[in-house]
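Structure first, commentary second.
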Amino acid sequence: MYISELHKGIESEITVKGWVTNSRSSKGIEFIVLRDGTGYLQCVIDQNNVGEDNYNEAKILTQESSVELTGKIIENEREENGLELLVSKLLIVSISEEFPITNKAHGVEFLADKRHLWLRSKRQWAIMKIRNNIIYAIHNFFQKEGFVQTDAPIFTANAAEGTTTLFETDFYDNPAYLTQSGQLYGEAMAMALNKIYTFGPTFRAEKSKTRRHLAEFWMIEPEMAFYNNEMNMDVIEKFLQSVISEVLDKSKTELKILDRDTALFEKIIKNEFPRITYTEAVKILKGEKDVNGKNSLTTLEADLSDLKSKIEELKKDIAEREKMVSDTNIKKGKRNFIKSKIGQLKNELKSTEEKASYIPQWLESAKNFEFGKDLGGSDETVLTRMFELPIMVYNWPHEIKAFYMKRDADNPDFAKGVDVLAPEGYGEIVGGGERETNKDLLIEKINEHGLPMDAFEWYLDLRRFGSVPHAGFGLGLERLVSWICKTQHIRETIPFPRYYGRLTP
RNA sequence: UCUUCAGUAGCUCAGUUGGUUAGAGCAUCUGACUGUUAAUCAGAGGGUCGUAGGUUCAAGUCCUACCUGAAGAGCCA
């Protein structure tokens, strides 16, 4: 029986198969926390119940040893899931060698090296389950809305946007690149199937070293025929609300394990997202325009002074606890507990100081933002800080957007693109817009970007044969997972992350 | 690519102004304990201080270069 189904078997005799994730012992009694991939369960091995042979076997169980345990399921309020297994029989499947990942703290590099084992830990388990639910919710939404899922190729002859670095491979003695977007192919398929979406891996060879970047990530790219950018934004909003609402519903346990506050999500699924133009966004960023009485520059300054007082508090707290540790009368266990708390506080202090040190730079960068430029990571953080919900920034200067973005006839300097910025500093999770339908403008743009025209002949065909207005967007799956799970780094959101400097395991 | 910080036991870290034989917790092993929740208690083993040079009577500690990692910027989803 799977641990997730045990509530059906209370008071009955069942067998669970899994791995020992933690064990504690006392004389004549062993407590084992078993995980089977579907959940966690405390199992009690009492010498009086299992007999001496089984009990002696239980004593040699190491972390991650695999076992089959038979016994009676009983209710126990002290446990997280309210259940406990009174073991009557123990069968060892395999005794594990010393497991490198313990229940204590580990550094990021060590965990990344041991990713294949790290995935077994509770937090990673919860993230992977949420990732799965997000993927399911995405398909669910599009399928219900009548979209057809199609696939774009991974090998491509050239760049879609030309600006970013590509991974080059050898394709039968010719250079080929790993795709950085399936969008152009999505457009072709939308002309054949109307509303479509692609769901596949994409690759960017940028040497980005931030907590928001991966070299290999999964992207969802819907494309809709006969849609303009306003309709596109409506879809994005409905889509994100639908996914979040489904995750809220299905991933309660996992969100709790991650200690994720879901109040924000409740608001998101009930309220329209603010839509602001790039021009407005710049004004807000520079502090020239307030949002609900809030000014970006003063908000940032207030954040800074909050951080500073937090730093003082932490320092005081640490000093007090260090005094407690130096007391010789204190019990060893208590002292270790305080020591580990001090370690935690020191880490918190370090990251708070780091954060505080960046704010003045962010302030400068916000104040001096040059109209016409793309929003940087810090600008996005400042901007989203002004709103509670995700925000949609639309109508961007056409020069900083891709060649296929539709020019706004009323404001020729702008293109009908839209970016969705996630709250809490998670940045851009969606980028999209309406596509250019004017073939001559497209040709002009392709030349401007210095792209090889012959590689885009097929794309221009889409404008030659029954061209229609159409729009779409791209969602970075890992960015969404990262935000929903509130992870420290995007590398926790994919089973085996690939990023600058990381190719194994 | 740039800026800042870091690299000491299997893991997480401490190591004061350069000064005796390099320290703790966890993990491992041995023992104690009949309801533990990161269990606790007693004991044991475990080190090329990232690498290479240099300064010095003396370097984990100071200097230089390189390697690796982290955070941020740039670029982006």
Side-chain angles (χ1 to χ4, degrees), chain A residues 21-33 40 42 44-48 55 62-63 76 78-80 84 86 97-114 161 163-165 180-181 183 202-215 217-221 322 325 331-340 342-344 346-347 350-351 353-355 357-359 361-362 365 373-381 400 402 419-422 426-432 473-483 488-490 500-502:
Chain A
T21 174
N22 196 8
S23 65
R24 296 172 283 272
S25 71
S26 221
K27 191 173 185 181
I29 188 163
E30 289 274 328
F31 299 92
I32 284 168
V33 180
Y40 292 79
Q42 169 157 291
V44 185
I45 303 177
D46 192 320
Q47 190 169 9
N48 300 326
Y55 179 71
T62 50
Q63 190 188 350
N76 184 341
R78 282 180 290 190
E79 295 306 311
E80 220 171 88
E84 187 177 81
L86 287 182
E97 291 178 22
E98 188 179 337
F99 198 66
I101 299 171
T102 66
N103 289 323
K104 312 290 173 188
H106 295 287
V108 276
E109 194 189 357
F110 177 78
L111 290 171
D113 284 339
K114 303 271 182 277
E161 301 177 21
T163 48
T164 35
T165 331
Q180 56 178 350
S181 163
Q183 198 225 293
T202 35
F203 308 87
R204 306 271 166 102
E206 297 144 355
K207 289 183 179 173
S208 295
K209 294 195 73 142
T210 81
R211 54 179 78 186
R212 306 192 290 280
H213 286 88
L214 290 169
F217 61 99
W218 288 70
M219 198 146 66
I220 294 91
E221 295 180 283
E322 267 167 355
V325 171
K331 260 190 159 178
K332 199 177 162 189
K334 180 92 178 166
R335 179 163 34 225
N336 289 341
F337 178 79
I338 297 171
K339 271 187 180 171
S340 79
I342 289 173
Q344 266 175 36
K346 278 188 177 169
N347 281 337
K350 205 174 150 191
S351 68
E353 279 175 334
E354 214 164 50
K355 220 164 153 190
S357 76
Y358 290 130
I359 286 191
Q361 293 171 33
W362 292 2
S365 142
K373 291 227 164 136
D374 206 354
L375 297 175
S378 70
D379 304 321
E380 288 176 356
T381 308
I400 55 168
D419 281 1
V420 178
L421 307 180
Y426 282 86
E428 187 183 345
I429 50 169
V430 169
F473 61 93
L475 168 95
L477 175 67
E478 285 76 15
R479 287 232 179 131
L480 181 63
V481 178
S482 185
W483 169 50
Q488 203 62 35
H489 199 292
I490 196 166
Y500 183 59
R502 173 64 58 185

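Every chain is numbered from 1 and lettered A, B, ... according to where its sequence line falls, protein lines coming before strand lines. Here the structure is a predicted model, which is why all the values come from computation and not from measurement.
- Atom P of C63(B) sits at a distance of 29 Å from the matching atom of A24(B), rounded to the whole Å.
- At least one side-chain nitrogen or oxygen of N22(A) sits closer than 4.0 Å to the OP1 or OP2 atom of A39(B).
- Protein atom CD of E354(A) is 13 Å distant from nucleotide atom C1' of G69(B), rounded to whole Å.
- Here A77(B) presents its C1' atom at 8 Å from CD1 of I490(A), a figure rounded to the nearest Å.
- Below the 3.5 angstrom threshold, one finds a donor paired with an acceptor across the side chain of R479(A) and the base of C76(B).
- Counting any heavy atom pair closer than 4.0 Å across all strands shown, E84(A) reaches a base atom.
- Here the CD-CG distance, from E380(A) to L421(A), works out to 5.0 Å after rounding to the nearest 0.5 Å.
- Y426(A) contributes no side-chain N or O that, together with a main-chain N or O of L480(A), makes up a donor-acceptor pair within less than 3.5 Å.
- For the pair S208(A) (side chain) and T210(A) (backbone), a donor-acceptor distance under 3.5 Å is absent.
- R24(A) is listed as a side-chain neighbour of V33(A), based on a closest heavy-atom distance under 4.5 Å.
- Heavy atoms of V430(A) sit under 4.0 angstrom from primed sugar atoms or phosphate atoms, though from no base atom.
- Spacing of C1' atoms, C13(B) relative to A27(B), comes out at 15 Å, to the nearest Å.
- In this structure, F217(A) packs face-to-face on the six-membered ring of A77(B), meeting both the 5.5 Å centre cutoff and the 30° plane limit.
- Remark: F110(A) CZ is packed, more than 12 non-hydrogen atoms of other residues, nucleotides or ligands lying under 6.0 Å away.
- Under 3.5 Å, the side chain of H106(A) and the base of C11(B) form no donor-acceptor pair of N or O atoms.
- In this structure, the NZ atom of K27(A) is 20 Å from the P atom of U40(B), given to the nearest Å.
- Within 4.0 Å (heavy atoms only), D379(A) reaches no atom of the nucleic acid at all.
- On the C1' atoms, U12(B) is 16 Å away from G69(B), given to the nearest whole Å.
- Residue G501(A) is classed as a sugar-phosphate contact, given heavy-atom separations below 4.0 Å to backbone atoms only.
- Residue contacts for Q42(A): at a heavy-atom cut-off of 4.0 Å it reaches a base atom on one of the strands shown.
- The nearest whole Å value for the distance from the CZ atom in F110(A) to the P atom in C13(B) is 12 Å.
- Residue E206(A) contributes atom CD, which lies 10 Å from atom P of C75(B) at whole-angstrom precision.
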Would you please test W483(A) and R479(A) for side chain to side chain contact (heavy atoms under 4.5 Å, CB included) and show each step?
-> CA-CA 6 Å; W483(A) 169 50; R479(A) 287 232 179 131; over 6 Å; no
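- The P atoms of U8(B) and C29(B) are separated by 25 Å, rounded to the nearest whole Å.
- Applying the 4.0 Å criterion to OP1 and OP2 of A70(B), one finds that K209(A) has a side-chain N or O inside that range.
- For the pair L375(A) CG and C76(B) P, the computed distance is 11 Å after rounding to whole Å.
- Residue side chain E109(A) does not reach the base of G7(B) through any donor-acceptor N/O pair under 3.5 Å, judged by distance alone.
- Counting non-hydrogen atoms under 4.0 angstrom, T210(A) reaches a base of the nucleic acid.
- Annotation: side chain of M219(A) is not in contact with side chain of Q180(A) (no heavy-atom distance under 4.5 Å).
- No engagement by L480(A) is indicated, since no non-hydrogen atom pair under 4.0 Å with the nucleic acid exists.
- Residues G476(A) and P100(A) each lie close to RNA chain B; by heavy-atom proximity, the contact nearer the 5' end of the strand is made by P100(A).
- Separating the CD1 atom of I400(A) from the P atom of C75(B) is a distance of 9 Å, rounded to the nearest angstrom.
- Taking the P atoms as reference points, A39(B) lies 23 Å from A44(B), given to the whole Å.
- If you take atom C1' in C67(B) and the same atom in G50(B), they sit 7 Å apart, rounded to whole Å.
- For S208(A) against C75(B), a side-chain-to-base donor-acceptor contact under 3.5 Å is present.
- K350(A) comes within 4.0 angstrom of no nucleic acid atom, judged by non-hydrogen atoms across all strands.
- Dashed line: the shortest gap from a side-chain N or O of R24(A) to OP1 or OP2 of U36(B) is not under 4.0 Å.
- With both ends at atom P, the span from C5(B) to A14(B) equals 16 Å, rounded to whole Å.
- No hydrogens or angles considered: nothing links the side chains of S23(A) and E30(A) as a donor-acceptor pair under 3.5 Å.
- A gap of 16 Å separates the P atoms of G74(B) and U3(B), to the nearest Å.
- Using a 4.0 Å heavy-atom cutoff across all strands shown, D419(A) reaches no nucleic acid atom at all.
- Within 4.0 Å of S25(A), counting heavy atoms only, lies at least one base atom of the nucleic acid.
- Distance R212(A) CZ to A73(B) C1': 10 Å, rounded to the nearest Å.
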